[in-house]
Amino acid sequence: MKDYFGYNGKTVVVTGAASGMGKAAAEMLVDLGAKVYALDWAETVPSGVEKYIHTDLSQKDSIDAAFAEIPEHVDSFFGIAGVSGARNDFVTTVKIDAIANKYIMEEYLLQRMTKGGSISIMTSLGGLGWEKEDNQKWLKPVLEAQGWDAAVEAAAALPFAAMPGTFGYPYSKLAMNLYIALCQKTFASKGIRVNGVLPASTSSGLTGDFEKMAGGNDKLMANNGYGTELAKSEEMARPIVFLNSDMASYVSGELMLVDLGGHIEEIAGIRPQVNDINLSKILAYLQSMKK
């Protein structure tokens, strides 16, 4: 059968490959014949990967060491790793969920990818509202910073930096959605496609954290459109594997909402909006609480 997806023999990098969506994606890519370089803190990566590389995405030196073990030419990158922030502070969460992807793309992928390369980031429905000016003014200082250290310093300088790490999660997802838009000129102009997948609530090792953050399972399920249960990891891995494949060879700048019909109804005003983060309003509220 013809290799329509075009992964056979290709060098791909998957972050978060030890569990959840990252593991599911890595397993599919191995089955499709890709040479998978699996980056994660944990070692329980799927069998058949080309190489497992222990990586701490909150540390620049660890990322640099990982890419020293990866071939000079990379065909596809899957930025799937992420934390909920429940066990991290705000800045560390932003480093893992946003700055690491930005750094890898700018420092390595621009140099190691050629025309036909593809990048997809697993963001979130929690990052809806990225296009709002009130949000962008807080996101751009991190996204426009040059290099790892400057981006971390910009995150630490934010008025949100003292907030719990769980707030770093939606901030990071807003940032990544905006970043996918901002980097089209740099990447797509070179024939390197950049897309994102915005998952509905998905069963994973972080489900307990997200239930607490949402205020219960019922509110967590509000992200899932007409779904009656949490999505499975493979149901999010399939779209991201598609977006980075030859099957989507003219798709770039796409933020694919995978939520079983929920958000389209919000846009149409058929159902109330459940993801409406406004960073300026949150800041104003925090400031009023201090008075």
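The model shown is predicted, which means the values in this text are computed figures rather than measured ones.
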**OP:** Mind running side chain to side chain donor-acceptor pair (under 3.5 Å) on Trp138 and Ser280 for me, showing each step along the way?
**Re:** CA-CA 8 Å; Trp138 301 112; Ser280 292; 3.0 Å; yes

May I have the step-by-step check of side chain to side chain contact (heavy atoms under 4.5 Å, CB included) for Met105 and Leu110, ending in yes or no?
CA-CA 6 Å; Met105 289 171 65; Leu110 266 179; over 6 Å; no

Item to check | side chain to side chain donor-acceptor pair (under 3.5 Å) between Tyr108 and Asp64, intermediate numbers included | outcome: CA-CA 9 Å; Tyr108 291 103; Asp64 291 340; 2.6 Å; yes

Worksheet item: Does the side chain to side chain donor-acceptor pair (under 3.5 Å) test come out yes or no for Ser120 and Asn195, once each step is laid out?
Response: CA-CA 5 Å; Ser120 286; Asn195 296 293; 4.7 Å; no

Using the side chain to side chain donor-acceptor pair (under 3.5 Å) rule, take Thr92 and Asp89 through it: C-alpha gap first, then chi angles, then the decisive distance, then the call.
CA-CA 5 Å; Thr92 301; Asp89 58 40; 2.8 Å; yes

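Using bins of under 30°, 30° to 60° and over 60° for the plane-to-plane angle, the ring pair Phe167/Phe160 lands in the tilted bin.
For the atom pair CG of Asn244 and CG of Asp75, the computed distance is 10.5 Å after rounding to the nearest 0.5 Å. Between the CE atom in Met21 and the CD atom in Glu234 there is a gap of 10.5 Å [rounded to 0.5 Å]. Taking CG of Leu139 as the start and CH2 of Trp130 as the end, the distance is 10.5 Å to the nearest 0.5 Å. Atom OG1 of Thr123 sits about 10.5 Å away from atom CG of Asp97, to the nearest 0.5 Å.
Using modelled atom types, no side-chain atom of Arg193 and backbone atom of Phe187 make a donor-acceptor pair closer than 3.5 Å. Without hydrogens or angle criteria, Tyr179 side chain to Lys140 main chain gives no donor-acceptor distance under 3.5 Å.
A cation-pi arrangement, defined by a distance under 6.0 Å to the six-membered ring centre and an angle within 45 degrees of its axis, is present between Arg271 and Tyr226.
Environment of NZ in Lys137: crowded, with over 12 heavy atoms of neighbouring residues, nucleotides or ligands closer than 6.0 Å.
Note on Val30: it clusters hydrophobically with Tyr4, by side-chain heavy-atom contacts below 4.5 Å among ILVMFWY residues. Under a hydrophobic-cluster definition in which Ile, Leu, Val, Met, Phe, Trp and Tyr are linked whenever side-chain heavy atoms come within less than 4.5 Å, directly or via other members, Val12 and Met247 are assigned to the same cluster.
Using modelled atom types and a 3.5 Å distance limit, the side chains of Ser62 and Thr55 yield no donor-acceptor pair.
Taking the six-membered ring for Trp, Phe242 and Phe5 have ring centres at least 6.0 Å apart.
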